[in-house]
Every structure is written in C-alpha cells, then in structure tokens.
Chemist: 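Dropping the structure in here first, questions after.
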Amino acid sequence: MIEPRPNDPKDPTDRKKSKDPNDPKDPKGPTGPTGSRGFRGLSTELTARVPQLLEAMRSVGTGLELHSTLDRICETAAELADARYAAIGVVDEEGGGLSDFVTHGVPDEIARAIGRRPDGHAGLLGALIHHPEAMRLADLTADPRAAGFPAGHPLMRTFLGVPIRVQGEIFGNLYLTEKRDGAEFDDDDLHMVRVLATEAGIAIGNARLYEAARQRERWIDGSVAVTTALLSGGDADEALSVVAEQARRLAGASAGVVLLPAADGSGGLEIVAVSADDTSTALGVVIPPESPVVERLLAGEPVFVADAATDPRMITGLARLYGPSMMLPLHSGGRVLGALATPRAPGARQFTEMERTLATQFASQAALALIMAEAQRDRERLAVYEDRDRIARDLHDLVIQRLFATGMMLESAQRKNLAPAVQDGVERAVDELDVTIQEIRTAVFALQQGPAEVPSGLRTRVLREINMAAVPLGFTPAHRFAGPVDTVVGELTGKNLVAALREALSNAFRHAHAQRIEVVVDATVTLPDGSPGVRLTVADDGVGLPEGGRRSGLRNLARRAESLGGSSRCGPGIGEDGGGTTLVWEAPLRAPSRGRP
C-alpha cells in the first residue's frame, strides 16, 4: 500500500501512529525532563540511531564507480533498517520498466537459480515505478498488486520501498524486505531510509557524472586507436578487425561486426570483420537488400533494437543469437561506407541514450578514418602505377631493344663459317633471347594494365598478382597451374584465393626476405571431407616465421578459408634444410551460399 501521512487519523491500517508529545494517554509521557522524547521531537529510539544514519550516509558517499555505489547503498540500507534483503531497481529511460537490478543478501547460487531478474513491468516493483511514493507493507504476498515469486526465490513478507531521486528525477527505487527480528518496518525505519535515499541520490548523481566522463574518455581513446590502425598503412582487413574489436569492447557487447556493401553487387551488406567468441558463423554472411535494417542503414540512419531475436526487422538467422543491438551507419561527408553493429547477449541490459550517442560518434569517426585511409591507399596505388609505367617504358625502350640487337648480332655471326658446335650454341642463345623478349613483353603488358582492365579469369588474376609482386621483390615468382582453374573455381572462392595469394606474397617480401618463391594453384585436389577443392601453395626460402612475431595476416588467411569451409596452414619452406615458409590455403571449389544462415 502507499504509505500515508504519519498522523492521518483516517487511516485505520497504520499500526504505529506518531503520538502527540503532550498527550497524557501516551505511556511514554510528555516531553520534558522526565519524558522519553528526544532531539527536536524525534523519539529516543530514533535519536539513538542518528549516529548510525550519519555513518551510513558517509559510507554511501564514498567512491565514484556507479555499480559499486549501488552495491554499497543496498548494503548500507539493509544494515540501517536491519533488513535481510535489499535491492535497487534502476528505472529505464522510458520510465516503463527496470534497466538494472542490484541486490544484497541473495546468495549468488540462488540468484543464478532464479534466472532472469525482474523487469519492473508488473507487480509491486511496477507499482513503485508508476507511483514513486514510499510503500510499507506487513505482508507483501497479501497485496493484490503482488505478482508472486519465481521458483527458488527466498521467502519475503515485510516490505519497505522508497524512491531515489537524482537531480529531481526518478533514478530508481530502494527496496528492503524481511526485517531480521521478525517485526514490521516502522516509522523510524521509514524516516531513516528516506534520509538515506536522499543521500543516495546525491552519491548516484556524482557517480553518474564520473561514469559519463570515463565513458567518453574510453570512446575517445577507442576512436584514436581505430584511426591509428586505419592510417598505419597495414592490412585493410586487420584495420577493420580493429574497428570491430574496439566497438565490441567499448559498447560492452557480445560481438562487434563491420559490414560493407556486398561484393556481388546485390545491394546487401556483407560481414567483413567480426570480433566475437565464434566468428566462423558470421564472417561472409550477406544481409540482403530487402531487409528493412539494410534500407535504413544505407540511408544513413541508425537502427536500435530492443531484442534482435524477436524484432521482425531482423530477418537473418544470426539475429536469434542476440538481444539488445545497435546498428550504426559508417557515413561521413554524405557517403555511407557500410555499417557497424554491436549486439549484446539475450536478456542483457538495454543501451542507454549516452551509449547510443557515443557509439554513433564513434561510427562517424571510424567512417572518416576509413575515407582517409582509402585516400591514402589511392595515393599509394597511384605512386605504384607511376612506378610501373616507368619500369614498363624502361623495359620496352631499353631492355627489349638491346636484347633484340644482341639477337641480330648472333644471327649474323651464325651465318659465318663456324664450327657446328658453336653454331648450335648460337642458335640456342638466339632462341632463349626470343623467349626472354616474349616474357618481358608479357610483363610490360601486365604492368601497363589498369585496375579496370583486369580480366575475370582466375588464372589471369593470379598472374597479375605475381607480376605485381615481381616489382618490389626484384624477381618473378615461379608459378604453376593444375586443372581448369578458370572454369571450376567459383567466384567467391576465387576472390578469397587471390586475396590469400596477395597476403602471402606481401609477407614474403616484407618479412621473409625471400630470394625464391614458388606459387602453385591446383584445382584437382580433394579436401579432407571428400569434396573437390582448390589449393594454393606459396613456398619461399626466406627466414621463416619468427618466434613471437605478429600473426594477424595468417589469422586473416585462416578466417577467409574457414568462412568458406576450408583451412589454412604453414610448414617448412623450400630453402636449405627446410628454411623459409610454405603456406597452404585450400577451400571448396564453390563455397556454399552464406546469404541467410
């Protein structure tokens, strides 16, 4: 019931009325030298508890971390009112339920057995939310508003609840149950708990300000880490993984997911980076364009979901694994590059308004860093293309002409009267020069190709990567194909194989310092599960994998293979005594569709 005014004579249910201090019928007698009324009209019992109240107020005001402050308030209130159990229900931003529920006195094993904590939508807790006034009950189980207890819940009868206000607004409610001596909570308990709730509101306000400042600082630090990773010039996939990891950590989410426009041109969003306990089920999933969420994200609008498992807008099977979710567009300067998702576990607390704001700002900063990184890579590619054009001109204008002139001289010498053995040697040299000239012309043609001129065949794409790697390496890796790679290897597998080759050649140049590299693409292999597959082997004679070195590139290769149902591994190289590294990357010829798991 709602607590009435202490001296309201119309209330027949108030068991302990405050008495008139001069009432001769009061067994305690009148106030005066022989009376038992104390400081400023308070009872002697209440006056005696004032030091305990002051100590409780001092304890509540110590510390600035919000959740530990709530724990301390619960513990202090229970001690002050001699209650067995205490709890604080934090009202959500909409004011219709509880966003958090902190308890004291309930053992952890019992709390786990009870399971999901109350949401405040019904029962006495809901009544206190909608009518934030003090409530005192002799038996809460007899109150018509009570919703009952779940299985395994401790027995509770006596009840005292008071609202906690922070800067004039309802923050939550403080609940006390089961007074230890078996009696009911009285006026003195109510008075002291009200005073404590006032002090608790001040302490919570300070803790919230401190927590907000710390939260902003963490998000700013996360934005700096993402910007640094994206502009460091490293692997693009690794940089996107940093975005996912930072977003997951800062949002306190179960996963961090980066989505970019699908490579198949369908208009959907493809998951390209995941930070989660299990990434194999999510990486490579495409959310189709007919999804209402995709439509809003590509329009630059954020999407906040209370429960991904039940929201009808979430049409993929992955949504069933999560609860509250934020999906934020990665947009900057009028461009939408993709999206960032941070889902929490089912039943987890909802994202606060501040968390939504900070996450939106983080996504905008990440998008800006992505645009800057893209511009930086464009400048680097332009420099590479300019260098390739110069090398192609030098090869064509100098090397080929000199080789051609040398061949003409040898042919002229061949017509003279030379010994047969000499003539055979000259003829072989001329043939070798012809082959060399053809190979150089092929290299010149590859160097002069622009990105828009890349043919779609897998063999040609592999050769292009090999020829591009030849420029920084100073030599062309040997290569061999087995099987009809252009016709049997699917587009998704081929795209990931080329990316794996690019990463392997880059590692061989930047880290292995190899002098010899052999590349084999075999489309005739059988995978361990018996399915037909394609295997990429890149072997070098470099320094091998250093102990304790970074493995991010190798992890990316493994993730690409696993997302297709394949695998990736490393072994000894082709150098002396097994020196160097051999990378084996394999996947099914045609990866299964991952559109809607």
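Since the model is a prediction, treat every value here as computed from it, not as a measurement. No hydrogens, no waters, no symmetry mates; every other heavy atom, side chains included, goes into these values.
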Chemist: Check whether any side-chain heavy atom of Leu505 sits under 4.5 Å from a side-chain heavy atom of Pro477, and report yes or no.
Modeler: yes

Chemist: Check whether any side-chain heavy atom of Val538 sits under 4.5 Å from a side-chain heavy atom of Thr582, and report yes or no.
Modeler: no

Chemist: According to the salt bridge (charged side-chain N to carboxylate O under 4.0 Å, His left out) rule, which pairs have a member within residues 321-347, sequence neighbours left out?
Modeler: Arg335-Glu374, Arg344-Glu355

Chemist: Is there a donor-acceptor contact under 3.5 Å from the side chain of Asp540 to the main chain of Ile517?
Modeler: no

Chemist: Taking Ser506 for its side chain and Arg502 for its backbone only, find out whether a donor-acceptor pair lies under 3.5 Å.
Modeler: no

Chemist: Would you say CD of Glu576 has more than 12 non-hydrogen atoms from neighbouring residues, nucleotides or ligands within 6.0 angstrom?
Modeler: no

Chemist: How long is the span from the OG atom in Ser364 to the NE2 atom in His331, to the nearest 0.5 Å?
Modeler: 4.5 Å

Chemist: Within the side chain of Arg296, is there an N or O that forms a donor-acceptor pair under 3.5 Å with the backbone of Pro302?
Modeler: yes

Chemist: Got a second to check how far Met326's CE is from Phe304's CZ, nearest 0.5 Å?
Modeler: 6.5 Å

Chemist: Say you draw a straight line from CZ of Arg590 to CG of Leu564; how long is it, rounded to the nearest 0.5 Å?
Modeler: 13.0 Å

Chemist: Output yes when a side-chain donor or acceptor of Arg569 lies under 3.5 Å from a complementary backbone atom of Leu583, and no otherwise.
Modeler: no

Chemist: Return yes if some donor-acceptor pair links the side-chain N/O of Ser291 with the main-chain N/O of Ile287 below 3.5 Å, else return no.
Modeler: no

Chemist: Pro343 and Ala255: which non-hydrogen atoms are nearest, and at how many Å?
Modeler: CD-O, 3.3 Å

Chemist: Measuring from atom CG of Leu473 to atom CG of Asn467, what distance do you get when rounded to the nearest 0.5 angstrom?
Modeler: 11.5 Å

Chemist: Is the shortest heavy-atom distance from the side chain of Leu358 to the side chain of Arg216 under 4.5 Å?
Modeler: yes

Chemist: Hey, are Arg218 and Gln215 close enough side-chain-wise for a donor-acceptor pair under 3.5 Å?
Modeler: no

Chemist: With a sphere of 6.0 Å drawn around CD of Glu295, does it hold more than 12 non-hydrogen atoms of other residues, nucleotides or ligands?
Modeler: no

Chemist: Does the side chain to side chain contact (heavy atoms under 4.5 Å, CB included) test come out yes or no for Met314 and Met327, once each step is laid out?
Modeler: CA-CA 11 Å; Met314 310 294 284; Met327 285 158 287; 3.8 Å; yes

Chemist: Under the side chain to side chain contact (heavy atoms under 4.5 Å, CB included) rule, what do Val285 and Leu318 come out as? Steps first, then yes or no, please.
Modeler: CA-CA 9 Å; Val285 169; Leu318 281 175; 4.1 Å; yes

Chemist: Does NZ or CZ of Arg516 lie under 6.0 Å from the centre of the six-membered ring of Phe475, at an angle within 45° of the ring axis?
Modeler: no

Chemist: Quick test of your reading: applying salt bridge (charged side-chain N to carboxylate O under 4.0 Å, His left out), list the pairs with at least one residue in residues 521-537, sequence neighbours left out, ordered by first then second residue.
Modeler: Arg535-Glu586

Chemist: Decide side chain to side chain contact (heavy atoms under 4.5 Å, CB included) for Phe481 and Asp486; before the verdict, give the C-alpha distance in whole Å, the side-chain angles of both, and the deciding distance to 0.1 Å.
Modeler: CA-CA 10 Å; Phe481 296 92; Asp486 283 338; over 6 Å; no

Chemist: About how many Å separate CG of Asp541 and CD of Glu518, when rounded to the nearest 0.5 Å?
Modeler: 9.0 Å

Chemist: Residues in ring pair (Phe, Tyr, Trp, His ring centres under 6.0 Å) with Phe362, at least two apart?
Modeler: Trp219

Chemist: Below 3.5 Å, can you tabulate the donor-acceptor pairs from side chains in residues 493-501 to any protein atom, sequence neighbours excluded?
Modeler:
| from | atom 1 | to | atom 2 | distance (Å) |
| --- | --- | --- | --- | --- |
| Thr493 | OG1 | Pro588 | O | 2.9 |
| Thr493 | OG1 | Leu589 | O | 3.4 |
| Asn496 | OD1 | Arg560 | NH1 | 2.9 |
| Asn496 | ND2 | Leu492 | O | 2.8 |

Chemist: Just jot down the side-chain contact (heavy atoms from CB on, under 4.5 Å) partners of Glu217, sequence neighbours excluded, or say none.
Modeler: Asp221

Chemist: When rounded to the nearest 0.5 angstrom, what distance separates CG in Leu259 from CG in Leu297?
Modeler: 8.0 Å

Chemist: In chain order, what residues pass the side-chain contact (heavy atoms from CB on, under 4.5 Å) check against Asp307, with sequence neighbours excluded?
Modeler: Ala309, Thr310

Chemist: Taking the side chain as C-beta and beyond, is there a heavy-atom pair between Ser223 and Gln361 under 4.5 Å?
Modeler: no

Chemist: I would like to know whether Arg248 and Thr342 meet side chain to side chain contact (heavy atoms under 4.5 Å, CB included); could you show each step before the answer?
Modeler: CA-CA 6 Å; Arg248 178 190 183 189; Thr342 56; 5.9 Å; no

